[in-house]
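Okay, structure first, notes after.
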Protein chains: 2
Amino acid sequence: MGASKVYIFSDQINEIAQFAKVFAHPARIAIIKFISEQEGCICNDIVEEIGLSQATISQHLTVIGNIGLLKGTFEGKKKCYCLNVERYNEIRMQLDSFFKKTTLNCC
Amino acid sequence: MGASKVYIFSDQINEIAQFAKVFAHPARIAIIKFISEQEGCICNDIVEEIGLSQATISQHLTVIGNIGLLKGTFEGKKKCYCLNVERYNEIRMQLDSFFKKTTLNCC
DNA sequence: ACGTAATATTGCAATATTACGATGATGTAT
DNA sequence: ATACATCATCGTAATATTGCAATATTACGT
């Protein structure tokens, strides 16, 4: 017990849950929002902006990156993060398609 | 440590995270999907359909209901669940509006 | 009132997540 | 080479989540 019984659900359902999990923490939403608002990309500024430790921010960035939402390019020692807009829209579409299907034939 | 530092984020961001959290478990997605597919409403069939214990399903239903997504009406001893489509669309819009804003001015 | 069916709640064990300090790796400047 | 800055990873403590058995609770039929 304690662990989600992922294996009893379809791939499609698990994938949607996986996406939602990324957005299920305010820090990650704030990070995504902040990154998207910067003209160029950013780096360690996220730490100051959000107010969590560098280690914690780095962890959250990994989670966000794991579903392909980030482009991170090093410029010297600084890493500049940027949204992968194509992937972002892909996920957005997939979520919205689930929402649409769900509302269709409801009582 | 261990707990999310909710208080350092804006209400709007925390709300979106709250919504996402509900969808961040495959069982809850499966439940929502199943409910929406039923002609009339349903009840204890969810337990058989999903394959988790009655206690666990009941818990998940509470989480889904806590953000106003369920209309549950008793018909005798049976409780028939139904999607609150208005609320559902409201949440859908709010999520999508965040997505839209985020992709606007990206590098 | 009693037994049964349907759902909710409680208590607990297993696991996951969040957060941070410390450490490591890499790059820049002096 | 040394010092510093940036970011990732490891280890660990605190807390949250998941899942179930056991136990309520509620409604129905007899």
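When reading the values below, keep in mind they use all heavy atoms of this one structure, side chains included, and skip hydrogens, waters and symmetry mates.
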Considering only distance and modelled atom types, tabulate donor-acceptor pairs under 3.5 Å from the side chains of residues 57-70 of chain A, sequence neighbours left out.
{"residue": "A:His60", "atom": "ND1", "partner": "A:Arg28", "partner atom": "NH1", "Å": "3.1"}
{"residue": "A:Thr62", "atom": "OG1", "partner": "A:Ser58", "partner atom": "O", "Å": "3.0"}
{"residue": "A:Asn66", "atom": "ND2", "partner": "A:Thr62", "partner atom": "O", "Å": "3.4"}

Pairs of donor and acceptor atoms involving the side chains of residues 19-26 of chain A, under 3.5 Å and at least two apart or interchain, shall be tabulated with distances.
{"residue": "A:His25", "atom": "ND1", "partner": "A:Ala27", "partner atom": "N", "Å": "3.0"}
{"residue": "A:His25", "atom": "NE2", "partner": "B:Ser4", "partner atom": "OG", "Å": "3.0"}

Identify each donor-acceptor pair in which a side-chain atom of residues 6-13 of chain B lies under 3.5 Å from a protein atom, sequence neighbours left out, and give them as a table.
{"residue": "B:Ser10", "atom": "OG", "partner": "B:Ile13", "partner atom": "N", "Å": "3.2"}

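Within residues 5-24 of chain A, the residues that have a heavy atom under 4.0 Å from DNA chain D are, in order of number, A:Lys5.
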Short heteroatom pairs, N/O only, protein and nucleotides 4-8 of chain C, under 3.5 Å:
{"residue": "C:dA5", "atom": "O4'", "partner": "B:Lys77", "partner atom": "NZ", "Å": "3.4"}
{"residue": "C:dT7", "atom": "OP1", "partner": "B:Asn44", "partner atom": "N", "Å": "3.3"}
{"residue": "C:dT7", "atom": "OP1", "partner": "B:Lys79", "partner atom": "N", "Å": "3.1"}
{"residue": "C:dT7", "atom": "OP1", "partner": "B:Lys79", "partner atom": "O", "Å": "3.3"}
{"residue": "C:dT7", "atom": "OP2", "partner": "B:Asn44", "partner atom": "N", "Å": "3.0"}
{"residue": "C:dT7", "atom": "OP2", "partner": "B:Asn44", "partner atom": "ND2", "Å": "3.4"}
{"residue": "C:dA8", "atom": "OP1", "partner": "B:Lys79", "partner atom": "NZ", "Å": "3.1"}
{"residue": "C:dA8", "atom": "OP1", "partner": "B:Tyr81", "partner atom": "OH", "Å": "2.5"}
{"residue": "C:dA8", "atom": "OP2", "partner": "B:Ser58", "partner atom": "OG", "Å": "3.0"}
{"residue": "C:dA8", "atom": "N7", "partner": "B:Gln54", "partner atom": "NE2", "Å": "2.8"}
{"residue": "C:dA8", "atom": "N6", "partner": "B:Gln54", "partner atom": "OE1", "Å": "3.0"}

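Each side chain to side chain donor-acceptor pair (under 3.5 Å) pair with one or both residues in residues 46-57 of chain B, not counting sequence neighbours, appears once here: B:Ser53-B:Thr56.
For A:Thr56 and C:dT18, the shortest distance from a side-chain N or O to OP1 or OP2 is not below 4.0 Å. Between B:His60 and D:dT17 there is no side-chain N or O to OP1 or OP2 distance below 4.0 Å.
Under the rule for a side chain to side chain donor-acceptor pair (under 3.5 Å), the partners of A:Lys33 that lie at least two apart in sequence or sit in another chain are A:Glu37. Checked against side chain to side chain donor-acceptor pair (under 3.5 Å), A:Glu90 has the following partners two or more places apart in sequence or in another chain: A:Arg87. Every residue two or more places apart in sequence or in another chain was checked for a side chain to side chain donor-acceptor pair (under 3.5 Å) with B:Asn89, and none qualifies.
The CD1 atom of A:Ile46 sits 14 Å away from the C1' atom of D:dA8 (whole-angstrom rounding). Between the CG atom of B:Leu52 and the C1' atom of D:dT17 there is a distance of 14 Å, rounded to whole Å. In this structure, B:Gln59 atom CD and D:dT17 atom P are separated by 11 Å, rounded to whole Å.
Across all non-hydrogen atoms, the minimal contact from A:Ala30 to A:Ile50 is CB-CD1, 3.7 Å.
Within 4.0 Å of B:Ser4, counting heavy atoms only, lie sugar-phosphate atoms of the nucleic acid but no base atom.
Mapping A:Ala27 and A:Glu75 onto DNA chain C by nearest heavy atom places A:Ala27 closer to the 5' end of the strand.
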